[in-house]
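All remarks here apply to the structure that follows.
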Amino acid sequence: MAASKPPSALEKEQIFGMAEKEMEYRVELFNKLTQTCFSKCVENRYKESELNMGENSCIDRCVSKYWQVNNLVGQLLGNNQGPM
C-alpha cells in the first residue's frame, strides 16, 4: 500500500481558502437565521426579561423551518449541479 504524500503548499492554501469560505457562509447563515427569526417572533417592545412560551415556540418553529428549507435548497442545487 502506497503512503499518501503530504499536501503541497498550493493544496494547503486551497484547503484553507475553502475552509475560510465555509466558515464565512456558516456565520452569514447563522446571522440571517437569528435576524429573521428574532424579528418574526419577538416584539419590538420588550415586556419581560425572558422569552415567553409563545416566543420560544415561534423561534423553535422558525429555526426548524429555516434549516429544513436551507437543506432542501442545498440538496436541489447539489442534484442540479453540472460538471465544473
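Put simply, NZ on Lys47 and CD on Glu55 are 8.5 Å apart, with the number rounded to the nearest 0.5 Å.
Ser39 pairs by the side chain to side chain contact (heavy atoms under 4.5 Å, CB included) definition with nothing, not counting sequence neighbours. For Glu50, the side chain to side chain contact (heavy atoms under 4.5 Å, CB included) test picks out no residue, with sequence neighbours left out.
In this structure the side chain of Glu24 reaches within 4.5 angstrom of the side chain of Glu20, judged on heavy atoms.
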Table please: side-chain donor-acceptor pairs of residues 65-73 below 3.5 Å, with sequence neighbours left out.
from	atom 1	to	atom 2	distance (Å)
Asn70	OD1	Tyr25	OH	3.2
Asn71	ND2	Trp67	O	3.2

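The SG atoms of Cys62 and Cys41 lie 2.5 Å or more from each other.
The minimum heavy-atom distance linking Cys37 with Ile59 is given by the pair O-CG1, 4.3 Å.
No donor-acceptor pair under 3.5 Å is formed between the side chain of Ser64 and the backbone N or O of Asp60.
In the hydrophobic cluster analysis, where Ile, Leu, Val, Met, Phe, Trp and Tyr join through side-chain heavy atoms closer than 4.5 angstrom, Phe38 is grouped apart from Phe30.
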